[in-house]
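Not measured: the values here are computed from a predicted model. Order of the sequence lines sets the chain letters (A, B, ...), proteins ahead of strands, with each chain counted from 1.
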Amino acid sequence: VTGCTGTESASGPGTDGRIAFLDYGDFGGGSNPQANYNPYLDATRLGATEYVFEQLIAYDSYGCQAKPWLATQWTWTDPQTLVWKLRDGVTWNDGKPFSAEDVTFTYDMLKQHKALDTKGIWRYLSAVEATDPKTVTMRFTQPGAAAFTLFGEIKIVPKHVWSTVGDPVTFTNAEKPVGTGPFTVKAFNPQQLTLGRNADYWQADKVKVDELRFHKADGGGQIDQLKLSRGEYDSNAMFVPDIKKAYVDRDPEHNKYWFPSGGSISVYLNLTKAPFNDTAFRKALVPAFNRQEIVDKAQLGYVKPASQTGLVVPGQAEWLPKDLPNQGVVGYDPARADADLTAAGYPKNGAGKRVGKDGKPIAFSFRVPGSWTDWVQAQRIIVANLNALGFTVRAETPTPEAYENDRAIGNYDALLGVHGGSCNMFRNFQEPLASDQSAPIGKKAVSNFVRWNDPRTDQLIATLRTATDEVAQKAAVADLTTVMTEQVPVIPLWYGAKWFQYRTAKATGWPNEQNPYAAPSDNLLIITHLQPAGNTK
Amino acid sequence: MALLEVENLSVTYTPRDLPANRAVHDVSFDIAEGEFVGLLGESGCGKSTLGNAVLRLLSAPARISGGRVTFDGVDLTTADEDELRTLRWTNLSTVFQSSMNSLNPVIRVQAQFADTFAAHKIPGDVTARATELLELVSLDRQVLRAYPHELSGGMKQRVALALALALRPKLVLLDEPTTGLDVVVQRSILTRLAELRRELGFAVLFISHDLGTVLEMADRVMVMYGGEIVENRSAAGMLHEPRHPYTRGLLGSYADPRLPDVQVTYIPGRPPDLSRPHRGCLFTPRCPHAEDACREIHPELLPEHGGLVRCLVAQEDRLPVVRLGAADAAATIGSHFPATGALTDPADTSDVAAEAVLTVDRVSKRYTSRRGLRTHSVDAVRDVSFTLHPGRVTALVGQSGSGKSTIARLITGVERPSSGEVRFDGDSGRTVRVDGLRGRALVDYRRHVQMVFQDPFSALNPTRTVAYALSRPLVNFAGLRGAAIRERSAELLESVGLAPAGQFLDKLPHQLSGGQRQRVVTARALAPDPRVLIADEPISMLDVSIRAEILELLGELVRNRRLAMLYITHDLLSARLLADEVLVLNQGVVVEHGPTREVIGAARDDYTRLLLDSIPNPFAPATRS
Amino acid sequence: MSTPAPAVPVPGTDTEALQASATELSRRSRLPGWFVILWRNRKCRAGLLLLGAFVLVALFAPLIAPYDPRGDAFPTSLGPTGGHWLGTTAQGEDVFSQLIVGARTSLIVGLAAGLLSTLIGLVIGLTAGYLQGWVDEVLSFLINLGLVVPALPLMVTLAAYAPVRGLWLIIAVISVTGWAYGARIKRSQIITLRTRDYITAARFAGDGTARIIAREIVPNMTSLIVVGFMGAALGAIGGEAGLAFLGLGDPQTVSWGTMLNQASLGGALLTGQWAWLIAPGLALSLLITSFTLINFGIDALSNPHLRED
Amino acid sequence: MAGRRAPARRPTRPPEGMAPVAYFARRFLFFIGTLWAAVTLNFLIPRLQPGDPAEAIVSRLAGQSESIDPAQLQAIRIMLGAPDGNLFEQYVQYLGAIVQGDFGVSYTYFPYSVTHMIGQALPWTVILVGVTQIISFIVGTLLGTWAAYRRNSRVDSVITLGSTFLGTLPFFWLALLLIYVFAITLRWFPERGGYGGGSSPGWSWIFISDAFQHSVLPAVALLITGPIGWIIGMRNNMVQSLGEDHARLAVARGLPRRRIALTYGARIAILPNVTGFAIALGSVLGGTVLVETVFNYPGMGRLLLESVSSRDYPLMQAIFLFTTVGVLVANFLADLLYGFLDPRVRKADTA
Ligand SMILES: Nc1ncnc2c1ncn2[C@@H]1O[C@H](COP(=O)(O)OP(=O)(O)OP(=O)(O)O)[C@@H](O)[C@H]1O
Ligand SMILES: Nc1ncnc2c1ncn2[C@@H]1O[C@H](COP(=O)(O)OP(=O)(O)OP(=O)(O)O)[C@@H](O)[C@H]1O
Ligand SMILES: [Mg+2]
Ligand SMILES: [Mg+2]
Ligand code: NI
């Protein structure tokens, strides 16, 4: 491209079975990114930190499996004590050795600076100690199993650098960030971020890419879509309309995509209001929505209808009760919904309007944020489905801010919300359903926006938090999915997608449906899996 | 060959919403080099249009519909822009009727001179030349550095004149160059002009209503009527033996105000409506000598008695003979018209029997304005006192800028005096302080006190028709509704000599000539039937005949309706004819005050004498060159 | 001196011409004056016709549009075909129907916001200019404030913060941010007009302040007001489209702006659906052009001199 | 007969005997007053609205299809720090900080300061928008003059109709098409951004030429749509002033047509545009949201849009303040300038 000057041809390597460079998409940091490699400043750091810093374990967030990374081994000596064995031969990219000191320093820093503890790890921890240079012991205030997945997300930083920093919260780490990761920052300007391979990386042999080039893009507009479709990105993560025609068909041999499911997008009914506080009512509504049409029309067929269990199927199918038909995905059956509603005491009146227990027609509003066009599209289908059942539903499209605010304080009738989708089953259920995440109407709820308040649910969630063994966890999850299907606190409709496009012209080994060894966001796992394409075209 | 030859020139206005109007019809005349030709004619008869046509400055909807204009051998009607451009100003220059607005407001006077020189590639020092030119018109060199808005009206007119002479043209077309100037300034400008002409030898086409000046200064005079030239002869011939009945009528409307007895007549009737076809002589309906043939045959402009005249009766030599050369000339000529139109100066009915309706008591007005960073103040009016009485006319005369209009504004409550008071004795014998009136009270006051504005170009809303302007006082004060409004409006127009009224009611101000506008303004002021009328130069743009007629109308109102009137004017003849008493204002101070006859006959103040001396007297042979 | 030219016919031979213009006059006088004045200007006439066409389309949109603009029962991302002249959207809606219905939104926004902001500007500008004194000081202060508060940013902010984004919100936002410049111009114009003699003369004729403003001053400002109105309307139409394009519009309304936004989000360029992208842009431009064309005739409204050509 | 304008009378209520110093002091006070009011508005507008910057940041991070982690929200709240005190105390602090030129730390670019961010964006906007604005004005004025000079000729039609049609194309749309044609298809120009990914900002020749190449398309988009207003305004004003008596006399004086057009037409006709131009220049500081968004141009407009959508109060306030002050100062200067350009102007009335 004419405008691109500089490193285009400058990088020499790429021979001996390696890939000279790969073009990636956006690297974060807003529209006018500033050098910021502080791995804890989630909101403003640049994408490079993912490749410069590493964690104790690498989580495959698709299969929900922890892989040894900076730690080779971990053991729960008791439900409140976790002992980590650190990897040998790891060095910081400035040559200094990596040790347990760095790990304890990192965790202690998060304790001191709450602003950096974006995972809330110190909600569970009581102390982190280096028992020897290669061993770290963590003590929890209570059984800590629920926090385990979080360790995969805490980047470890070098003590010898960060201990000299005045205030790590405002530290941008802009000059040659020191980490243990496979790449170092090579060049940066607000348009492009270039990472170079760290030759001394502890598993350098697995990293076949010499250079990663991230290109600034703003939220995947038309231009970026065009560039993607023309093969200018080796990998990107953005929404592309009609991806088959627009992307795959342009180069079917190399252009690929994989959109694994994320969280569930569900109908949130305000459970403090009638008739939504009636379980029979909610349960009758489960088959009332044409999930397939939403998926096809509003979501361009990129996603799948969601299971009523709150879990992501088929990825998390093994957590489901065995006897559940169709993995809890309920089909569209307006006749049944109609019959169930009538049976539950909500018949249609003479005018064909469905009436409540008070005999008045049921009218309510249904909100989605106005600028989220696919949701607005889905809203149209949902409202049509509901109106077909005799409800009078107003579609409202407030601004995202107003939507968020009203959702938090419970000032709504019905809306669409997102929950779940992570590997942390505790979080998946605690956030939307635990009563401690709720608040009275008018006060901001943390995440239980429907205001589900059920002692049994709370108890199951508590079990999930403390159970370190898998059997107990599975039992609790299965019970929670039953709560979902039987008591219907929310009605999942479809799964959000994780956008992921890749090209196999230069590199192969990307995760995909056939080989889902990692989720698209598991950068370290992917970069260590990439191989040069057989024939460099 | 003559310098300017106009052959069968016709100009038609074809406005989109009104019937087409043949403003100039079949006009032919010549001007020889160095000749001074006057052009007289009734207001609205097409003089300005003719002038513009000669300069080829007509703009839509006017167009030359026939004929030719040849200047120095070049056909101006067909010449292309470049040819015209080189001819313009070096040979042919002009001062517009609206010369007050003809300077570029955003550049200095000097630049306007510089422009002119540059355009015609005149080398040399602009400042020196411009200074010289300004001296010609008696202006200080300081004026060069001024912007037009910083100059008074008279100064602007003089600058325009200096500009017109800048390139020593062969012909200068002057369209009422001195309207609105007081006699003194007017006198000095015209004297200068005459001198310059002697020095430089340019020809002049001089359009004016000021009969005295035209006759005094011109070599030859042309008279227009209804878009045609009806008479064309030497000034002396015109003065002593006018042949066309219309010319005779005009002369009858003029007199020297300094004479012991002044009497003028006017020509009754109305000018023809040029948007309608006519047969016969256009003047027939108003002509005392009209014969049957006049109604059928359109006369030609034919040589007669050493001039040209367009009148069958004259051509066949059946006109009554008048041969005059003395002071009584006008009066005698006027006597050919029915006595209905006669106007003599008011008998000295110096009974101040009636109570004063309006009292002006030691009024002063000071204006403060900022120019750049400096503020400066002008005492426009100082310590003026007088009274107005029902049935009496008080004339206010004085130099331009002496504060006359300011007094008018103070009396009518448009502005407040800086000190002193104005009192009005209302219907119920209640006295109101005019200087404290606001809102409703002011409206009530103006039911009785009306004003004729000095500048008819700005006193009419350009977007409103004549009918609208007249309807407002009728609705508000006379309480008329519906069709009555239009009827009464038409009557008012007829009374000020705009007939047929129907033709004018739907016109917009820009479609009227200067004099026509002025009469609309007067008609509007008369509409509410006021008790006091402040008339600020109501007749300055009218021809002498209509002047006389309007004066008579006003005189009648004063006598019959017991109107009290303050008559502001530069024209001492009309003051003499209309006013019972005269106030002479000089630089904001009343310098002389007394019955008209006394003031004019035996002026005590130097300034008043200067004013009187400046009145042109075409009948005095001494002044003729 | 040359001899006078030979006899010419009696004045009035061109009677036919006179007759013609008179009949024309009476024939035309049945239409409102302002319309006649505008209609005479060629460009203005073209603009009026164009605008008229848009108005008709907007009025009869439901009849003209072949399908429900939000009906998404069609195949997605079609190119232009016989059934869908401009193709379908990524959601399977008919683009042509959206275009037709979108005319409504744009016109409503343009007219309503234009009117509203002109009105605010007129009232404030006229009051300030006519009354002067402390009222003027206060209002001028307001005007200046309105002028310096950046319009688009404020628009973006207001649109982003308003809880519900209806069309009327957009209209309100656009009007609230757009009146100041007009008010300022109107104020300075009225200051030069209010001291004219004819205004004083109207007071002498007994007219009240309100009438003087409405009947004497406003006609002299017509072109200013109309131009201001059109400027505001244009700004509003463009503003609505811009807001919609930035995703700050009302997604429930079908407007050309939301169409563009959706075309852009829906990858019209990517899927080669040119019609979907070009049509609303061109329509928008044509509508705005019609306003600008009308502008050419506007001057004659308050300057009678310009009515003659 | 051409338009006659009554000689404008002096105001009936002149500021009696006011000394020039007092006059300027008054104007200055007025200026300060407006500034204060604008600053206060800028303080209030963001604060009177509901919403939580932390939430905005997190939901932007999470995207619309992922659930939000409450812990992260908590951490970000701590990071940004809650404003102290009640609204009035905040206001006093805010005023104090502004006086010291301290605009705080940006939320979206934490820990970079607002001043730093504006410093990054401002030059881009000022150069791109400022230059195109000036060019638009010049070109528009010239074309308008030309059109009025050749009124009713073919040139007039081409200029007015052509510019009308081109100038009214929606400008983000035009931008998209330009990108598609010239950047994506023909690859003559880079498709977006202020400079290429490989070059490093600085005063090097390479960088400047790179930046120039990147600015061509946005500039073209701005230039196509920019001059229309000036063209039409200029043409209308000039047609008017050429109809006045002084222009007619100028014709009679045989001045060259060009001279008449310039001194008797354009010179007067441009006056009403001066204020508009000043305001346009003043608002340059705010950038052009649409163009910068479409072209991903690193200027103030995009920064503003971003700050608004992510509720970055400090940044938003500062940008508002900048644009406000820009317009205000421009306005003030235009007023002063106007007095110079138009000798007729009555100084008391331009306030
Ligand atoms: N734009 C116009 N449209 C129609 N008729 C017009 C227009 N301008 C002038 N007229 C008419 O043309 C006639 C001649 O006007 P012109 O200005 O030449 O008169 P004039 O002799 O100069 O009068 P005055 O002495 O009052 O200045 C008048 O009757 C006037 O009403
Ligand atoms: N609004 C004003 N502000 C400042 N000065 C003014 C104002 N109006 C009039 N003047 C000044 O007051 C003086 C008197 O003006 P006025 O108009 O009363 O004169 P006039 O006698 O009517 O003159 P003319 O015969 O030319 O009409 C002049 O010097 C004029 O410049
Ligand atoms: Mg005239
Ligand atoms: Mg006067
Ligand atoms: Ni590039």
Side-chain angles (χ1 to χ4, degrees), chain A residues 1-8 29-32 34 36 41-44 114-120 123 169-172 187 189-192 194 213 215-218 222-223 226-227 230 262-263 265 369 372 375 400-402 404-405 418-422 427 431-432 437 446-447 496-497, chain D residues 49-52 55-61 63-72 74-76 78-79 105 107-112 116-117 120-121 176 179-180 183-184 187-201 206 210 213-214 293-294 296 298 302-303 306 310-311:
Chain A
V1 175
T2 356
C4 291
T5 43
T7 60
E8 235 35 42
S31 69
N32 202 349
Q34 302 297 309
N36 183 342
L41 297 180
D42 282 354
T44 53
K114 286 273 173 287
L116 300 181
D117 187 7
T118 53
K119 305 300 165 214
R123 280 179 292 180
V169 179
T170 57
F171 177 49
T172 56
N189 80 20
Q191 295 297 321
Q192 183 174 319
T194 311
R213 295 180 187 167
H215 298 273
K216 189 67 216 160
D218 239 1
Q222 296 226 38
I223 312 297
L226 269 170
K227 291 182 70 167
R230 296 157 65 118
I265 292 148
W372 300 2
W375 283 30
E401 293 78 19
E404 271 161 25
N405 193 54
V418 197
H419 59 95
S422 77
R427 267 191 63 202
E431 283 170 15
Q437 302 294 301
V446 184
S447 54
Chain D
Q49 306 299 329
D52 176 350
E55 264 172 37
I57 291 175
V58 175
S59 57
R60 188 165 52 96
L61 282 180
Q64 66 185 69
S65 298
E66 279 169 53
S67 60
I68 284 171
D69 183 349
Q72 195 176 21
Q74 192 51 36
I76 287 180
I78 296 169
M79 174 182 93
V105 171
Y107 291 173
T108 24
Y109 293 99
F110 188 91
Y112 285 92
H116 174 86
M117 292 315 299
Q120 296 264 306
L176 270 182
I179 294 176
Y180 187 81
I184 306 274
R187 290 182 175 250
W188 289 355
F189 297 104
E191 67 284 301
R192 59 161 179 218
Y195 39 88
S199 57
S200 54
I206 290 188
D210 180 43
Q213 284 192 28
H214 278 81
T293 307
V294 176
N296 273 15
R302 214 157 57 113
L303 204 59
E306 191 178 28
S310 48
R311 327 214 128 204

Chain D: which of A/H419, A/R230, A/Q437 shares the most heavy-atom pairs with it under 4.5 Å? A/R230

Out of A/L116, A/D117, A/T172, return the one with the most heavy atom pairs under 4.5 angstrom to chain D. A/T172

Note, [X] side chain near [Y] side chain (heavy atom, < 4.5 Å):
X	Y	answer
A/T44	D/Y107	no
A/N36	D/Y109	no
A/K114	A/V169	no

Engaged part of D/Y112 at the chain A interface, taking heavy atoms whose separation is under 4.5 Å: side chain

Sequence neighbours excluded, the answer for side chain to side chain donor-acceptor pair (under 3.5 Å) partners of A/Q34 is D/H116, D/Q120

For A/S447, which atoms come within 4.5 Å of any heavy atom of chain D: side chain, backbone, both, or neither? side chain

